[in-house]
Amino acid sequence: MQPRTLIAAAIYLGSYLPLSLILLAQDLDLEAVKRGLCPVGSMVTLSCTSPLKNPSWSLAAFAICLVGMAVTFVALRIVRTPQRVKVTESKHIPADLINYVIPYVVSFISLDFEQGTKLIGFAVFLLWIFWITYRSGQIVLNPVLAAFGWKLFEVKYAYPAGSGIFVGRMLSKVDIEPDRTYLQGHLQDVMVVRGEEGDASR
């Protein structure tokens with residue numbers, strides 16, 4: 001995999017951090033929880049029962065998605081925004097939750113870490129959705145980002161040189177308004193904006 005694809009994969013996995021948390025909760029052994037949490041020493045020596053039925057799988061899935069979410073925030077943070085553009089029209093685009101919600105629905109249809117074949121099938125399903133999302137340039141359109149204040153806008157914009165009007169998508173933590181100039185950079189096919197030109201909070 002090229003580095004760009006690896007970053008895209010991390011961003012995609014990060015978008016399913018809530019799903020990994022749901023699967024982690026579903027992996028809880030309630031009887032073990034009732035007996036109380038293991039002391040740290042007992043966990044190290046494996047002398048008590050884990051509150052999770054399949055801790056290696058459930059914790060690994062959660063850790064991978066958590067790292068993916070961290071990569072997403074780092075990627076958004078380090079994207080350079082050197083290009084000035086003047087927005088002429090803007091429209092907020094609500095997050096597309098249909099494709100995003102499907103894996104959540106699947107997770108509630110008797111998905112269990114102990115059922116190896118179902119896990120393999122679910123992994124293939126997620127891989128296929130990732131590839132379609134990546135090839136269509138929509139990896140950055142992560143609905144989870146909405147919970148952290150990021151919004152997606154469809155905009156018409158022009159460069160200072162006045163080479164015409166273009167249409168694109170902007171991911172921003174500020175409201176994109178017409179007749180204003182913003183500094184933007186690209187992450188895949190989406191423009192990333194942290195603030196209006198001259199805004200000291202960027």
Side-chain angles (χ1 to χ4, degrees), residues 1-21 61-101 103 126-202:
M1 274 191 179
Q2 298 177 353
R4 180 178 173 183
T5 308
L6 288 172
I7 292 173
I11 292 173
Y12 174 76
L13 290 171
S15 70
Y16 286 107
L17 178 61
L19 175 59
S20 70
L21 189 58
F62 178 72
I64 289 170
C65 291
L66 187 62
V67 169
M69 199 72 218
V71 169
T72 301
F73 287 124
V74 170
L76 289 171
R77 182 70 181 172
I78 65 175
V79 168
R80 290 184 176 183
T81 55
Q83 185 66 58
R84 294 172 60 241
V85 293
K86 183 173 182 179
V87 173
T88 57
E89 291 182 28
S90 70
K91 180 178 69 174
H92 178 245
I93 304 174
D96 180 11
L97 298 177
I98 300 300
N99 292 331
Y100 178 71
V101 167
L126 285 178
L127 184 62
W128 183 242
I129 294 295
F130 161 71
W131 192 243
I132 292 174
T133 306
Y134 176 67
R135 295 296 293 179
S136 62
Q138 298 185 50
I139 282 292
V140 184
L141 310 186
N142 179 347
V144 174
L145 292 176
F148 296 93
W150 290 90
K151 298 178 183 178
L152 183 67
F153 296 85
E154 184 176 86
V155 298
K156 289 184 179 180
Y157 62 96
Y159 292 102
S163 54
I165 301 294
F166 301 89
V167 177
R169 293 171 295 183
M170 279 186 175
L171 188 66
S172 174
K173 294 203 78 170
V174 299
D175 288 333
I176 302 299
E177 299 178 3
D179 301 320
R180 296 200 177 186
T181 301
Y182 297 89
L183 292 172
Q184 60 88 17
H186 280 82
L187 188 58
Q188 207 179 23
D189 295 333
V190 176
M191 292 179 284
V192 176
V193 172
R194 298 194 192 93
E196 193 174 349
E197 183 182 28
D199 185 355
S201 65
R202 288 193 313 272

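Distance check, rounded to the nearest 0.5 Å: CG of Leu19 to CG of Leu126 gives 7.0 Å. Lys151 NZ to Ile93 CD1: the interatomic distance, rounded to the nearest 0.5 Å, is 13.5 Å. In this structure, the separation between CG on Leu127 and CD1 on Ile132 is 10.0 Å, given to the nearest 0.5 Å. Taking OG1 of Thr5 as the reference point, atom CZ of Phe130 lies at 6.5 Å (rounded to 0.5 Å). The structure places OG1 of Thr72 at 15.0 Å from CZ of Arg77, a figure rounded to the nearest 0.5 Å. To the nearest 0.5 angstrom, His92 atom NE2 is 14.0 Å from Met170 atom CE.
Nearest heavy atom pair, residue Leu183 against residue Thr81, reads CB-O, 3.4 Å. Residues Ala75 and Leu187 approach most closely at CB-CD2, 4.4 Å, considering heavy atoms. Phe153 and Val174 get closest at one heavy-atom pair: CE1-O, 3.7 Å. Shortest non-hydrogen contact noted between Asp175 and Tyr182 is O-OH, 3.5 Å. Considering all non-hydrogen atoms of both residues, Ser90 and Glu177 come closest at OG-CA, 4.0 Å. In terms of heavy-atom proximity, Trp150 sits nearest to Val193 at CZ3-O, 3.9 Å.
At least one side-chain heavy atom of Met69 sits under 4.5 Å from a side-chain heavy atom of Leu145. Residues Gln83 and Pro160 form a side-chain contact, since some pair of their non-hydrogen atoms from C-beta on lies under 4.5 Å apart.
Ser20 places no side-chain N or O within donor-acceptor distance of the main-chain N or O of Cys65, the cut-off being under 3.5 Å.
Taking the six-membered ring where the residue is Trp, Tyr12 and Tyr16 present perpendicular rings, their angle passing 60° and hence far from 30°. A perpendicular orientation is assigned to the rings of Phe148 and Phe73, their planes being inclined by more than 60° (bins at 30° and 60°).
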Audit row: Arg180, Val87, side chain to side chain contact (heavy atoms under 4.5 Å, CB included) steps and yes/no: CA-CA 6 Å; Arg180 296 200 177 186; Val87 173; 5.9 Å; no

Stepwise side chain to side chain contact (heavy atoms under 4.5 Å, CB included) check, Leu76 with Leu171: CA-CA 10 Å; Leu76 289 171; Leu171 188 66; 3.9 Å; yes

Ile165/Thr88 under side chain to side chain contact (heavy atoms under 4.5 Å, CB included): CA gap, chis, key distance, verdict: CA-CA 9 Å; Ile165 301 294; Thr88 57; 4.2 Å; yes

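Under the ring-ring contact (aromatic ring centres under 6.0 Å, His included) criterion, Phe166 pairs with Tyr157, Tyr159, sequence neighbours left out.
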